Amino acid sequence: MKMSQVFSRTLREIPSSADSKGYGLLVKAGFIRQLGAGIFSLLPLGLRSIRKIENIIRQEMDGIGAQEILMPLVNPADIWKETGRYYSIDKEMSRFEDRVGRQMVLAMTHEECVTDIARFEIDSYKRLPSLVYQLQTKWRDDPRPRAGLIRVREFTMKDSYSFDKDYEGLEKQYKAHYSAYFRIFDRCALPTIAVGSDSGMMGGKVAHEYMYLSPIGEDTIIICDSCLYTANRQIALFEKEYYPEEPKEKEEVYTPELTTIEQLTQFLKVPPHKTAKALFMMGTFVDETTGEETQKLVVGLVRGDLDIEENKLQNSAKANAIRPAHPEEIQKAHMEVGFGSPIGVKEDVVVIVDESVAKSNNLVAGANKLNYHYLNTNFKRDYDGIVADIAMAKAGYKCPHCNGLLKQSKGIEVGNIFQLGTRYSESMNCTYQDENGKRLPVIMGSYGIGVGRLLACLAEEYNDEKGLKLPITSAPYQIHLVSLVKEEEVVEKIYTDLKNSGFEVLYDDRKESAGVKFADADLIGLPIRITVGSRALKENSVEIKLRKNLQESLLVSLDSLLSEVQKIAETLKKEIEVRHIEYEN
RNA sequence: CGGGGCGUUGCCUAGUGGCUAAGGCGCUUGCUUUGGGAGCAAGAAACCGGAGGUUCGAGUCCUCUCGCCCCGACCA
């Protein structure tokens with residue numbers, strides 16, 4: 001492609017709205033342009049990168065036996081009502097009516113649609129296992145899009161869906177994805193780790209997320225270096241310490257205006273692990289068959305030396321959503337803000353007690369009375385509730401498997417895999433007949449990769465002060481041919497020869513100064529740069545540089561250019577290491 | 001849904017009640033230049049996001065509204 005013909009252009013300055021480096025550079029280099037909040041156009045360079053990533057995904061998906069399909073973005077609301085998600089998903093899914101008033105949705109994922117297809121296609125165990133995937137536009141009305149392509153409302157996603165007759169089959173497809181995903185990210189040269197994750201709105205049990213670790217990430221990952229335990233903090237476990245004691249008599253103490261654990265422990269001269277702290281949330285509970293919503297107060301109780309992980313609390317309470325409760329709501333349930341505890345609460349309050357509290361004795365807890373706490377409260381004797389793990393794992397805590405020290409890091413989720421089980425096949429009656437003629441629900445899995453987000457992560461990982469330096473597998477072109485000479489025919493021939501040898505070449509044929517051309521070449525950051533200058537050309541030579549190392553340059557004769565470039569491209573490709581990682585349970 | 005910030009030409013910004021809204025980049029034309037964002041000259045391009053108000057006078061103050069960004073809540 002001749003640069004004089006390229007539709008997009010580069011900017012001299014990064015638009016002020018760009019907050020992350022990779023995003024700013026993608027805009028500056030003309031890869032993407034923003035239309036609205038979380039809505040972007042892909043310009044020619046950006047689309048070429050996306051296509052390359054998509055092709056890697058296609059190859060690896062095809063490689064594990066997946067067949068590409070394409071499902072519609074617009075779904076009738078009916079199938080979403082069948083699974084109940086029409087009701088349980090909030091405004092994130094956009095709804096509208098068609099011309100005759102039928103309820104429609106913009107599908108934010110395709111479990112419903114694919115299950116609807118599957119219940120028609122799959123009638124016998126002979127048609128299982130099966131695996132389909134698509135690369136398709138998703139619309140999710142995220143309340144807070146941000147950081148360019150990292151978190152958008154409209155985006156392309158690769159989603160695949162597996163169908164099996166039993167859990168062994170699902171396990172097999174899950175493992176195949178587990179490894180294929182590593183190959184995909186490795187081929188893109190994006191460093192990722194897989195972490196155990198929450199299944200969220202997808203339902204199902206086992207789930208992993210693929211994380212690109214980055215300070216601009218929005219997820220917190222808990223990692224054990226000793227035994228390689230990794231998990232999203234939303235579900236991460238850790239080894240809790242206990243301080244056993246015989247139960248003592250409950251006692252009321254006057255604790256004027258002491259509402260925080262810190263103030264309380266100082267005043268009472270007790271360590272934080274001798275206290276219990278309560279978190280009050282308003283939970284929304286949705287009946288998935290009728291769509292009826294109820295609000296209930298959810299009280300989480302954790303030992304004072306720990307914090308509550310709200311996601312764990314929401315899961316333990318089986319709530320669809322939780323938000324901080326207003327003081328009036330807490331008081332209505334006969335609890336006192338700042339001096340609250342589940343002691344003496346009404347019955348329609350969901351009380352979740354962390355193990356740390358359930359297995360400890362004689363904790364200081366709120367007396368539900370202004371300025372009073374109780375000493376020596378004990379679970380079961382003084383109050384009741386559901387015991388669960390709702391404590392937040394943190395760096396420095398002990399690994400649940402090997403007692404090693406946990407670390408934490410920020411990460412961006414670029415992919416996820418879920419073992420759905422029969423969550424969708426049961427509610428949508430997607431069944432097959434087994435060898436004995438018995439009807440059984442199909443066992444499903446679902447697997448996603450955010451394509452644009454993957455590019456955004458690559459831009460974040462591969463850049464410097466001058467611009468992008470995407471790896472050869474995702475760069476829009478392989479070669480940037482910079483012409484600084486008047487001998488157009490000569491450069492034109494180099495360009496044509498390179499193209500005919502199968503290279504993708506961006507040829508800067510513009511009538512611009514050398515500085516402008518170099519600056520743009522740095523900015524777009526194609527891996528191989530060939531500069532045609534007058535001095536070298538007199539010697540029948542051109543200069544080759546690699547974007548990742550602009551210091552070094554190689555002078556090659558025109559005769560050997562093709563073979564030299566071939567060699568360099570091969571080396572660049574070989575440098576991208578593809579790991580073979582098997583899933584171990 | 002809370003809290004904060006910002007909307008001035010394609011991009012970056014100045015202008016903080018007073019004359020015809022200013023500059024840099026980019027763009028157009030001409031000449032000169034060509035190994036790191038060139039020089040000179042001449043141009044085009046903004047009803048200052050929108051509506052209403054206060055005022056003799058509003059880009060500037062007030063109200064509403066739309067949009068974008070950030071923090072939190074939220075998030076296959």
Side-chain angles (χ1 to χ4, degrees), chain A residues 8-20 23-24 27-28 30 33-39 85 88-93 107-112 136 138-148 150-153 155 157-161 197-204 207 209 216 218-219 232 234 281-282 284 310-311 314 320-326 412-418 420 423-424 446-450 453 466-467 482-487 508 510-523 529 531-537 542-543 545 550 553:
Chain A
S8 61
R9 60 174 174 174
T10 56
L11 305 177
R12 294 280 171 124
E13 282 169 279
I14 291 177
S16 55
S17 57
D19 49 336
S20 78
Y23 171 35
V27 175
K28 191 177 179 209
R33 200 107 315 163
Q34 180 169 19
L35 179 63
I39 307 177
R85 290 208 290 183
S88 62
I89 295 172
D90 201 23
K91 288 186 181 147
E92 204 175 345
M93 181 160 70
M108 47 191 290
T109 171
H110 281 76
E111 281 76 15
E112 279 78 1
Q136 193 239 19
K138 299 278 185 281
W139 167 259
R140 280 174 51 198
D141 197 359
D142 195 299
R144 186 149 137 61
R146 72 206 296 190
I150 299 280
R151 196 166 138 179
V152 290
R153 296 195 290 172
F155 59 101
M157 173 171 159
K158 186 289 296 177
D159 42 334
S160 45
Y161 304 92
S197 79
D198 188 37
S199 47
M201 79 172 192
M202 303 300 299
E209 291 168 341
I216 68 162
E218 303 186 276
D219 287 281
N232 194 311
Q234 293 180 328
M281 306 291 286
M282 232 22 219
T284 306
E310 289 181 17
N311 188 70
Q314 179 180 325
N320 289 74
I322 54 172
R323 58 154 175 88
H326 302 304
I412 301 168
E413 180 190 345
V414 286
N416 56 35
I417 54 178
F418 291 102
L420 296 174
R423 161 75 179 84
Y424 296 92
S446 109
Y447 318 83
I449 290 178
R453 185 179 278 186
K466 291 179 169 173
V482 180
S483 169
L484 302 176
V485 296
K486 291 211 167 71
E487 292 86 343
D508 195 344
R510 297 174 301 170
K511 311 255 174 298
E512 289 286 353
S513 71
V516 170
K517 291 184 175 183
F518 285 136
D520 276 344
D522 292 343
L523 176 60
R529 180 179 316 168
T531 309
V532 185
S534 50
R535 265 167 290 167
L537 194 59
V542 295
E543 178 191 87
K545 275 188 179 185
L550 293 173
S553 77

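Quick note on labels: first sequence line is chain A, next is B, and so on, each numbered from 1. Keep in mind it's a predicted model, so treat the numbers as computed, not measured.
- Distance CG (A/Asn311) to P (B/rC74): 9 Å, rounded to an integer number of Å.
- Across B/rG18 and B/rA58, the matching C1' atoms stand 10 Å from one another, rounded to whole Å.
- Look at the C1' atom in both B/rA44 and B/rC27: the space between them is 8 Å, to the nearest Å.
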From CA spacing to verdict: salt bridge (charged side-chain N to carboxylate O under 4.0 Å, His left out), A/Arg423, A/Glu111: CA-CA 10 Å; A/Arg423 161 75 179 84; A/Glu111 281 76 15; over 6 Å; no
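- Both A/Leu523 and A/Leu35 lie close to RNA chain B; mapped to their nearest nucleotides by heavy-atom distance, the more 5′-ward contact belongs to A/Leu523.
- Within the nucleic acid shown, A/Gly533 comes within 4.0 Å of at least one base atom, counting heavy atoms only.
- When the P atom is used for both B/rG37 and B/rG26, the distance is 12 Å, rounded to whole Å.
- Between A/Glu487 atom CD and B/rU34 atom P there is a gap of 14 Å when expressed in whole angstrom units.
- Summarising the base pairing, B/rU28 is matched to B/rA42 through a Watson-Crick or G-U wobble pair whose two defining distances lie under 3.5 Å.
- Out of B/rG35, B/rA38, B/rG36, the shortest distance to the side chain of A/Val516 is found at B/rA38.
- For A/Glu543, the side-chain atoms get nearest to B/rG35 when compared with the rest of B/rG37, B/rC69, B/rG35.
- Closest to the side chain of A/Arg140, out of B/rC75, B/rG36, B/rG26, is B/rC75.
- Nucleic acid contact for A/Glu310: sugar-phosphate only, since backbone atoms but no base atoms lie under 4.0 Å from a heavy atom of the residue.
- If you check every strand for non-hydrogen atoms under 4.0 Å, A/Lys158 touches nothing.
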Stepwise salt bridge (charged side-chain N to carboxylate O under 4.0 Å, His left out) test for A/Glu512 and A/Lys517: CA-CA 7 Å; A/Glu512 289 286 353; A/Lys517 291 184 175 183; over 6 Å; no
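- Note on A/Ala521: nothing from the nucleic acid sits closer than 4.0 angstrom, heavy atoms only.
- Shown here, B/rG67 forms a base pair with B/rC6; the pair counts as Watson-Crick or G-U wobble because both key distances fall under 3.5 Å.
- The nearest heavy atom of RNA chain B to A/Gly38 and to A/Leu484 marks one nucleotide each, and the one closer to the 5' end goes with A/Leu484.
- Using a 3.5 Å distance cut-off with no hydrogens or angles, the side chains of A/Tyr23 and A/Arg146 do not pair a donor with an acceptor.
- Distance, A/Arg9 CZ to B/rC27 C1': 7 Å, rounded to whole Å.
- Picking from B/rG24, B/rG26, B/rG36 the nucleotide with the shortest atom distance to the side chain of A/Lys545 gives B/rG36.
- When the P atom is used for both B/rU16 and B/rA22, the distance is 14 Å, rounded to whole Å.
- The shortest side-chain heavy-atom distance between A/Arg33 and A/Val27 falls under the 4.5 Å cut-off.
- Taking atom NZ of residue A/Lys511 and atom C1' of nucleotide B/rU29, one finds them 17 Å apart after rounding to whole Å.
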Evaluation steps, salt bridge (charged side-chain N to carboxylate O under 4.0 Å, His left out), between A/Arg153 and A/Asp142: CA-CA 6 Å; A/Arg153 296 195 290 172; A/Asp142 195 299; over 6 Å; no
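- If you check B/rC69, B/rG37, B/rC75 against the side chain of A/Gln34, the one that comes closest is B/rC69.
- Both distances falling under 3.5 Å, in either a Watson-Crick or a G-U wobble arrangement, occur for no nucleotide opposite B/rG17.
- Taking atom CE of residue A/Met281 and atom C1' of nucleotide B/rC74, one finds them 11 Å apart after rounding to whole Å.
- Separation of the C1' atoms belonging to B/rG10 and B/rU28 is 14 Å when rounded to the nearest angstrom.
- Note on A/Asp159: nothing from the nucleic acid sits closer than 4.0 angstrom, heavy atoms only.
- Distance from the side chain of A/Ser513 is smallest to B/rA38 among B/rG35, B/rC74, B/rA38.
- As the counterpart of B/rG37, no nucleotide is assigned, since no Watson-Crick or G-U wobble pattern has both distances under 3.5 Å.
- Between A/Arg9 and A/Asp520 there is no salt bridge, since no side-chain nitrogen of the basic residue lies less than 4.0 Å from a carboxylate oxygen of the acidic one.
- If you take CZ of A/Arg151 and C1' of B/rC71, they are 12 Å apart, rounded to a whole angstrom.
- For the P atoms, the distance from B/rC40 to B/rG24 is 11 Å, rounded to whole Å.
- Note on A/Arg146: only backbone sugar-phosphate atoms sit closer than 4.0 angstrom, heavy atoms only; bases stay farther off.
- Among the protein residues, A/Gly36 comes within range of the sugar-phosphate backbone only, with heavy atoms under 4.0 Å from sugar or phosphate atoms but none that close to a base.
- Around atom CZ of A/Arg535, no more than 12 heavy atoms belonging to other residues, nucleotides or ligands sit under 6.0 Å away.
- Base pairing of B/rC61 is made with B/rG53, judged by Watson-Crick or G-U wobble geometry with both donor-acceptor distances under 3.5 Å.
- Of the candidate nucleotides B/rC69, B/rG36, B/rC12, B/rC69 has the atom nearest to the side chain of A/Ala37.
- Distance noted for atom P between B/rA51 and B/rC70: 28 Å (whole Å).
- At the heavy-atom level, A/Ile322 lies under 4.0 Å from the strands shown only through sugar-phosphate atoms.
- For A/Asp219 and B/rC75, the CG to C1' distance is 9 Å, given to the nearest whole Å.
- The minimum heavy-atom distance between A/Val152 and A/Gly38, with the atom names listed, is CB-O, 3.5 Å.
- Residues meeting the side-chain hydrogen bond (donor to acceptor under 3.5 Å, both in side chains) test with A/Ser483, sequence neighbours left out: none.
- Looking at the side chain of A/Arg144, the nearest of the listed nucleotides B/rC27, B/rG26, B/rC70 is B/rC70.
- Minimum atom distance to the side chain of A/Lys91 is reached by B/rC1, of the listed B/rG26, B/rC75, B/rC1.
- Under the Watson-Crick and G-U wobble criteria, each requiring two contacts below 3.5 Å, nucleotide B/rC1 is paired to B/rG72.
- Taking only distance into account, the side chain of A/Glu512 never meets the base of B/rG37 through a donor-acceptor pair shorter than 3.5 Å.
- The separation between A/Gln234 atom CD and B/rC75 atom P is 8 Å, rounded to whole Å.
- Spacing of C1' atoms, B/rG49 relative to B/rU9, comes out at 14 Å, to the nearest Å.
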